[in-house]
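Reading through the structure tokens given below for one structure.
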Amino acid sequence: MEKPVFKRVCAYIIDIAIVSFIFMLFSKIELLNPNAEEYDKVYDEFTTYVEKNSTTSDGLKNIMSGDEYKNFSYKLSKLQIPNSILNIVITFGYFVVFQYLNKGQTVGKRLMKIRVKSKDGKRAGFVQILVRSLLINEIIASIILVIFISTMSQSMYLKANRIVELIDMLIVYGSLGFIMFRPDACGLHDLLMNTVVVNDEKELSEEKEETVESKKANVKEAKVSSEKTKKTNVKKTVKKDE
């Protein structure tokens, strides 16, 4: 089986660009992003603080380990909760719902002529699409972080955030490594859900060949059956004449 690694990377880049564009459009709606003005204000204060106190690399290290930096990070994360929820909804809708309804294809996969299928050759089921997308598209990590920022204290959240981001990074880069070096090009998410990404063009070609072969076989059977019928009719006619 040909490994569609390059196509998968290209498809993912296209899909992320589409999701980012959709998110950008919806984030402009004040009702969906009520903290936009306050976030911009705090972010400007944060960048000013960093610029003033990070004239050297040592200064930047000291800032990042300081309480003021942590306060800004926590506050910005709090203000981003509506944005994070919006991003989760859009990402879920695109990579799970749309991909399932489109028979294992996103826009990127369609353009690259690849699709997700079950390893048994059948259409990937909803649960398969759901779980692999939760893992590889950072949906589950985002959901966990939204819950943490909403319920934890600052110190606990900052520690938990680092752990979640590290685990998520290991899953994503681990899957990429598996895709590049495994003979079947399956990532961790594929192995867990028994799925595989196939060249759609090749699949369609094989399906067409099977259909053509099937039609040929049917025509051949029909001809044989017709010849047998003719022979039987001839024999019956001869017997009647006799």
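Side-chain atoms are counted along with the backbone in the values below, which use heavy atoms only and exclude waters and symmetry mates.
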Would you mind reporting whether [Y] and [X] have side-chain heavy atoms less than 4.5 Å apart?
X    : Y    : value
S133 : Q99  : yes
K78  : I149 : yes
N83  : N87  : no
V198 : R115 : yes
V116 : Y100 : no
L135 : L188 : no
V172 : L176 : no

For this session: Let me see the working for N71 and Q154 under side chain to side chain donor-acceptor pair (under 3.5 Å), right down to the final yes or no.
Result: CA-CA 8 Å; N71 291 338; Q154 177 175 314; 2.9 Å; yes

Tell me, yes or no, whether the heavy-atom count around [X] atom [atom1], taken from other residues, nucleotides or ligands under 6.0 Å, exceeds 12.
X    : atom1 : result
L166 : CG    : yes
K75  : NZ    : no
D67  : CG    : no
F26  : CZ    : no

Problem set entry | Separation between CG of D168 and OH of Y173, rounded to the nearest 0.5 Å | 10.0 Å

Exercise. Taking atom types as modelled and ignoring hydrogens, do the side chains of T106 and D15 form a donor-acceptor contact shorter than 3.5 angstrom?
Worked result: yes

Problem set entry | Ion pair D190/R8, N-O distance below 4.0 Å | yes

Exercise. For the rings on Y69 and F46, is their centre-to-centre separation under 6.0 Å?
Worked result: yes

